[in-house]
Amino acid sequence: MSTLLPSLTPLQQLRAGRLPRRLVQLYAGLVLYGFSMAMVIEAGLGLDPWDVLHQGLAEQLGWSFGAVTIVVGALVLLLWGPLRQWPGLGTVSNVVVIGLAVDAGLAVLPPVESLPVRTALLLGGVLANGLAGAAYLGSSFGAGPRDGLMTGLVTRTGRSVRLVRTCLELTVLALGVLLGGTVGVGTVLYAVAIGPLVQLFLPLVAVALPAPTREVPADLVP
């Protein structure tokens, strides 16, 4: 059975209780998420589809990876309006904090050439990403802009989550490849492992709140 998270409006998120604990967990999760992205980037063995797009845009525009992540996240968030999606504090924070954290991570991580070290960075980055995704989702401040786009499209089109997510991932992956983003074994590993990892960690870090009136599956990542 999948772990469930409460479906809360932005105001309900702030009133749901245990606010200090949830805020700390939210921002710790987002910082770790950005740093784990930097680990996977430094490994150079392939990125997840959205980061393939981010990397390709960064190379074409001459911007930092984090700056592109922030701009793309903000543009995706603008699409929530027509889809009647309401961003929470976690959604808006996701746009900014992850971009800053990934640039900070890239600044402090040294270049690596050894394949065993790069492999360790990739594995550690994917594992940390799963924990980070569970931590920020478990704070119940809302999903990231990319997952919100997916759920909004599912609601508006009536199509399945699987179909909509697959179409989005393949589209951004194709665009990223055309722009020069890195695809490799890490791309496949991320696609296969991230869902189970979030599902594994979520029960350990989800903050218990009063029973909501509605629930939604929590096996989504940013």
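Residues: numbered from 1 along the sequence shown.
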| When hydrophobic residues are tied together by side-chain contacts of less than 4.5 Å, even through go-betweens, does Leu131 share a cluster with Phe35? | no
Under 3.5 Å, sequence neighbours excluded: what are the donor-acceptor pairs made by side chains of residues 167-189?
from, atom 1, to, atom 2, distance (Å)
Thr171, OG1, Cys167, O, 2.7
Thr182, OG1, Gln55, OE1, 2.8
Thr187, OG1, Leu47, N, 3.4
Thr187, OG1, Leu47, O, 2.8
Thr187, OG1, Gly184, N, 3.1
Thr187, OG1, Gly184, O, 3.4

| query | Side-chain contact, heavy-atom cut-off 4.5 Å: Val72 with Trp50? | reply | yes
| remark: Taken to the nearest 0.5 Å, the spacing of Met39 CE from Leu123 CG works out to 9.5 Å
| message | Grouping I, L, V, M, F, W and Y whenever their side-chain heavy atoms are under 4.5 Å apart, do Tyr33 and Val97 come out in a common cluster? | response | yes
| Are any non-hydrogen side-chain atoms of Pro87 and Leu77 less than 4.5 angstrom apart? | yes
| task | Would you mind reporting whether Met37 and Leu106 have side-chain heavy atoms less than 4.5 Å apart? | result | no
| message | Can you give me the closest heavy-atom contact between Ala193 and Val126, atom names plus distance? | response | CB-CG1, 4.1 Å
| Do Val102 and Leu121 belong to the same hydrophobic cluster, where Ile, Leu, Val, Met, Phe, Trp and Tyr are linked whenever their side-chain heavy atoms lie under 4.5 Å apart, directly or via other members? | no
Let me check something: any side-chain donor-acceptor pairs from residues 108-119 under 3.5 Å, sequence neighbours excluded? List them with distances.
from, atom 1, to, atom 2, distance (Å)
Arg118, NE, Ala43, O, 2.8
Arg118, NH2, Ala43, O, 3.4
Arg118, NH2, Gly44, O, 3.2
Thr119, OG1, Leu115, O, 2.8

| task | Quick one: which residue pairs count as a side-chain hydrogen bond (donor to acceptor under 3.5 Å, both in side chains) with a foot in residues 59-73, not counting sequence neighbours? | result | Ser64-Asp103
| Taking only residues two or more places apart in sequence or in another chain, which ones pass side chain to side chain donor-acceptor pair (under 3.5 Å) with Asp48? | none
| query | Can you check whether Leu14 reaches Phe141 side chain to side chain, under 4.5 Å on heavy atoms? | reply | yes
| Would a hydrophobic clustering, with Ile, Leu, Val, Met, Phe, Trp and Tyr connected at side-chain separations under 4.5 Å, put Trp80 with Leu11? | no
| task | Determine, using the 4.5 Å side-chain heavy-atom cutoff (strictly less than), whether Leu153 and Leu163 are members of one ILVMFWY cluster. | result | no
| request: Measure the CG-CG distance between Leu122 and Leu127 for me, rounded to the nearest 0.5 Å. | output: 11.0 Å
| query | Taking only residues two or more places apart in sequence, or in another chain, which ones meet Ser36 in a side chain to side chain donor-acceptor pair (under 3.5 Å)? | reply | Asn129
| request: Would you please test Asn94 and Tyr136 for side chain to side chain contact (heavy atoms under 4.5 Å, CB included) and show each step? | output: CA-CA 9 Å; Asn94 180 296; Tyr136 103 75; 3.3 Å; yes
Donor-acceptor pairs are to be reported for all side-chain atoms of residues 20-32 against protein atoms at under 3.5 Å, with residues two or more places apart or in another chain.
from, atom 1, to, atom 2, distance (Å)
Arg21, NE, Gln25, OE1, 3.1
Arg21, NH2, Gln25, OE1, 2.9
Arg21, NH2, Val205, O, 3.4
Arg22, NE, Ser139, O, 2.8
Arg22, NH1, Gln13, O, 2.9
Arg22, NH1, Gly17, O, 3.0
Arg22, NH2, Gln13, O, 2.7
Arg22, NH2, Ser139, O, 3.3
Arg22, NH2, Ser140, O, 3.1
Gln25, NE2, Ala135, O, 2.8
Gln25, NE2, Val205, O, 2.8
Tyr27, OH, Ser93, OG, 2.8

| query | Short question: side chain of Thr91, backbone of Ala143 - any donor-acceptor pair under 3.5 Å? | reply | yes
